[in-house]
Amino acid sequence: MKSKIIAAMACGLLIASCSGGDKGSEQSFAPTYACDSAVVNITVVDYDSIKNGYIEAFTYSHDALGEVAPTRLDTDGKTSMRFDLQGDMVLALMNASGEDRYGVVRIAPGEVTDVTIYPDSIVTNGRYAELNRVQCKYEPKYGMDVFNPDYFRYDMNGDDYTAAILAKYADNKAALEADTTLTDIQRMLEKGGLVNSLFSLASSRLFTGRCSYLSINGYDKPVPLDSIATDMSEANYASIIAAVDPDDEVMLMAPHGDVATSLGDVDWSAAGARGTLLGTLSTYQKAARQAYEGKVDSTLVAELKEYKNPFYAQAVDNIREIAAKRFEEASKLVSVTPDVPGEEIIEAIAAQYPGKVVLIDRWNTWCGPCKAGIAENEPLKENVLSDPDIVWVYVADESSPVPSYYKMIPSIKGHHYRLTDEQATALYKKYNIDGIPYYFLVDRKGTVTPRPDFRDHDLLVKTILEELKK
């Protein structure tokens with residue numbers, strides 16, 4: 001796994017020139033428009049509550065390219081992570097086993113943020129310290145319920161569905177505005193969460209339809225997808241835009257970084273928001289994905305430059321520079337996949353290492369348990385499993401986004417292979433793979449044995465040591 005654990009360090013150097021608008025003061029409740037690295041130093045006070053020695057950070061940023069970053073805590077319950085940021089980022093922190101949710105914090109580029117997790121609160125320093133104090137555990141009251149909706153049905157047509165979610169939005173907005181008990185920060189979080197829940201409902205029609213179907217018909221039956229209406233027109237999206245202020249920065253300040261995912265694949269710019277913050281964000285998310293893959297549509301960049309704040313166009317250039325360096329370093333680490341049918345891939349890879357004991361780890365960048373397992377193995381390569389007769393092989397596929405893949409593999413010691421979707425599908429069918437991580441053990445004679453039971457890490461180590469003796 002691409003370990004994000006680093007020693008505590010200062011980070012004051014800009015990666016590239018990338019600024020526009022408010023960079024802010026020590027305390028702020030506005031977005032940060034800057035590109036820089038950021039370090040997060042985490043301390044878990046109630047360390048005994050961490051059952052597996054890891055903490056997991058779900059990252060949410062303006063470019064919608066978040067990831068899951070499980071990191072190992074030391075014996076004092078401490079760890080550090082480093083991020084390259086284009087604007088501020090929200091981290092949702094939880095136990096890597098998923099049993100405990102600690103809360104969310106916002107971090108700013110160019111800062112070292114110290115995060116102390118107490119049983120009932122989270123305390124940070126830096127630009128968003130006061131915001132984090134409030135939002136770390138805050139659950140908005142006025143967002144629209146997607147999972148158990150009673151204000152729309154899965155079989156509504158696009159016009160009726162749009163009218164239903166807009167009516168619910170208007171009701172919740174009115175209730176929010178009438179609530180005199182909210183602090184200024186809580187009100188901002190509520191507004192950000194509400195507007196993003198509207199975007200999410202509009203952009204994720206199939207998902208919301210599934211939730212509605214299950215809510216109405218029960219959760220014990222499969223959902224017939226052909227029963228869910230998914231028709232949404234540009235006129236429907238234009239109605240959503242008309243109901244909000246598409247230039248209101250509050251959409252960037254939702255408590256869980258909602259704008260990172262709420263816009264979906266909708267082209268909000270084409271739907272009528274071009275030149276506004278909403279339209280620019282939609283365009284930026286597409287351009288950022290391309291930039292991380294080393295290519296950018298010039299028309300998207302030109303559209304970003306139309307926006308009054310130059311940050312988003314500059315951020316794409318910054319991403320492109322980061323990606324170019326990352327590609328140059330990481331591409332040298334990816335081995336050429338043998339040119340054989342997909343169902344023969346594992347045997348063909350194993351044949352590259354005759355006479356060795358080979359552990360083949362089938363993983364992907366988006367898989368939290370995969371990354372946690374890899375992180376557990378990395379230290380062992382320097383001691384218990386440091387034998388030169390052990391070969392570590394990591395096999396991912398195209399569902400691992402290029403940016404995350406190239407970012408992570410330099411710190412995963414071993415041989416890396418990247419399969420096409422067709423090869424991955426053939427492999428799944430041949431071995432009836434039930435999920436990942438999934439392991440194969442290759443003995444010295446080249447015999448390949450599927451070992452999904454190696455998800456038990458102790459068994460993995462014990463078996464490899466035994467195999468070395470043969």
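Atoms considered below: every heavy atom in the structure, side chains included; atoms not considered: hydrogens, waters and symmetry mates.
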For S282 and D267: C-alpha separation, side-chain torsions, deciding distance, then whether side-chain contact (heavy atoms from CB on, under 4.5 Å) applies. CA-CA 6 Å; S282 179; D267 189 340; 4.3 Å; yes
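- Proximity of I42 to V40: side-chain heavy atoms (C-beta onward) are separated by under 4.5 Å at one or more points.
- Around the CG atom of D265, the shell of radius 6.0 Å holds no more than 12 heavy atoms that belong to other residues, nucleotides or ligands.
- Between Y431 and F440, the distance from one ring center to the other falls under 6.0 angstrom.
- For N383 (side chain) and P379 (main-chain N/O), a donor-acceptor pair under 3.5 Å exists by modelled atom type.
- The CE atom of M408 lies 5.0 Å from the CD1 atom of I412; values are rounded to the nearest 0.5 Å.
- A distance of 5.5 Å separates CG of L198 from CD1 of I165, quoted to the nearest 0.5 Å.
- There is a side-chain donor-acceptor pair under 3.5 Å between N364 and D397.
- Checking side-chain atoms of T463 against main-chain N and O of L460 turns up no donor-acceptor pair under 3.5 Å.
- Side chain of Q285 to main chain of H62: a donor-acceptor pair is present (N/O by atom type, distance under 3.5 Å, no hydrogens or angles).
- Judged by distance alone, with hydrogens and angles left aside, the side-chain atoms of S400 form no donor-acceptor pair with the main-chain N or O of A396 at under 3.5 Å.
- In terms of heavy atoms, A202 sits closest to I240 at CB-CG1, 3.9 Å.
- Judged by distance alone, the side chains of N377 and H457 do bring a donor and an acceptor atom under 3.5 Å apart.
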Please lay out, stage by stage, how R274 and E303 fare under the test salt bridge (charged side-chain N to carboxylate O under 4.0 Å, His left out). CA-CA 8 Å; R274 181 162 182 160; E303 187 173 327; 3.8 Å; yes
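- Salt bridge annotation for K445-D443: absent, with no cationic side-chain nitrogen under 4.0 angstrom from a carboxylate oxygen.
- Checking T208 against Y161 by side-chain atom types alone, a donor-acceptor pair falls below 3.5 Å.
- Looking at V357 and V442, their side chains never come closer than 4.5 Å, going by heavy atoms from C-beta outward.
- Considering only heavy atoms from C-beta on, K381 comes within 4.5 Å of W392 through its side chain.
- Of the charged side-chain nitrogens involved, at least one lies within less than 4.0 Å of a carboxylate oxygen, so that K413 and E382 count as a salt-bridged pair.
- T32 and Y128 are linked by a side-chain donor-acceptor pair at a separation below 3.5 angstrom, with hydrogens and angles left out of the test.
- Considering OG of S37 and CD of E111, their distance stands at 11.5 Å, rounded to 0.5 Å.
- Judged by distance alone, the side chain of E398 and the main-chain N or O of D421 form a donor-acceptor pair under 3.5 Å.
- Looking at Y33 and N309, their side chains never bring a donor and an acceptor atom within 3.5 Å of each other.
- Here the shortest heavy-atom pairing between S203 and G264 reads OG-N, 3.8 Å.
- Between D84 and R82 a salt bridge is recorded (basic side-chain N to carboxylate O distance below 4.0 Å).
- Using a 4.0 Å cut-off between charged side-chain N and carboxylate O, D387 and K356 make no salt bridge.
- Of all heavy-atom pairs between A287 and V316, the closest is CB-CG2, 3.9 Å.
- Between the CE atom of M89 and the CG atom of L91 there is a distance of 6.5 Å, given to the nearest 0.5 Å.
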Pair I349, H415 - check side-chain contact (heavy atoms from CB on, under 4.5 Å), show working. CA-CA 10 Å; I349 290 175; H415 302 269; over 6 Å; no
Going through the checks in order, is the side-chain contact (heavy atoms from CB on, under 4.5 Å) test met by M253 and Q135? CA-CA 10 Å; M253 301 304 293; Q135 76 168 358; over 6 Å; no
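- Of the charged side-chain nitrogens involved, none lies within less than 4.0 Å of a carboxylate oxygen, so that K462 and E467 do not count as a salt-bridged pair.
- Taking all atoms of both residues into account, the shortest heavy-atom contact from L333 to P410 is CD1-CA, 3.4 Å.
- With rounding to the nearest 0.5 Å, the separation of CG in L441 from CZ in F454 is 4.5 Å.
- The closest side-chain heavy-atom distance from I55 to M94 is not below 4.5 Å.
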Does D76 form a salt bridge (charged side-chain N to carboxylate O under 4.0 Å, His left out) with K78? I'd like the steps, not just the answer. CA-CA 6 Å; D76 295 321; K78 298 177 181 291; over 6 Å; no
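- Remark: R210 CZ is loosely packed, at most 12 non-hydrogen atoms of other residues, nucleotides or ligands lying under 6.0 Å away.
- Side-chain contact check for D63 and S61: at least one donor-acceptor pair (N or O, by modelled atom type) lies under 3.5 Å.
- Remark: the S233 side chain and the N236 side chain contain an N/O donor-acceptor pair separated by less than 3.5 Å.
- Between N196 and H256 there is no side-chain heavy-atom pair separated by less than 4.5 Å.
- Between F199 and the options D258, V244, V266, V259, a side chain to side chain contact (heavy atoms under 4.5 Å, CB included) holds for only V244.
- In plain terms, the two heavy atoms of S269 and G279 that are nearest each other are CB-O, 3.8 Å.
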Should D297 and T299 be marked as a side chain to side chain donor-acceptor pair (under 3.5 Å) after you check the CA-CA gap, both sets of side-chain angles, and the distance that decides it? CA-CA 5 Å; D297 183 340; T299 60; 2.6 Å; yes
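- With S215 contributing its side chain and S212 its backbone, the two residues share no donor-acceptor pair below 3.5 Å.
- A distance-only check finds a donor-acceptor pair linking the side chain of D231 to the backbone of G158 [under 3.5 Å].
- Across R455 and G435, no two heavy atoms sit closer than the pair NH2-O, 2.9 Å.
- Using cut-offs of 30° and 60° for the angle between ring planes, the Y394 and H416 rings count as parallel.
- Side-chain contact between R106 and N132 is present, with heavy atoms from C-beta onward closer than 4.5 Å.
- Residues V395 and R418 are not in side-chain contact: their nearest non-hydrogen atoms beyond the backbone lie 4.5 Å or more apart.
- A salt bridge is absent between E344 and K430: the closest approach of a Lys/Arg side-chain nitrogen to an acidic carboxylate oxygen does not fall below 4.0 angstrom.
- Here the CG atom belonging to D361 is positioned 6.5 Å from the SG atom belonging to C370, to the nearest 0.5 angstrom.
- A 4.5 Å side-chain heavy-atom check between W268 and T276 finds every atom pair outside the cut-off.
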Would you sort out whether L359 and V393 count as a side-chain contact (heavy atoms from CB on, under 4.5 Å), showing the intermediate values? CA-CA 6 Å; L359 179 72; V393 173; over 6 Å; no
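- The residues D160 and R153 are annotated as not salt-bridged, no charged nitrogen and carboxylate oxygen being separated by less than 4.0 angstrom.
- With respect to Y213, the ring pair (Phe, Tyr, Trp, His ring centres under 6.0 Å) criterion is satisfied by exactly one of F152, Y154, F147: Y154.
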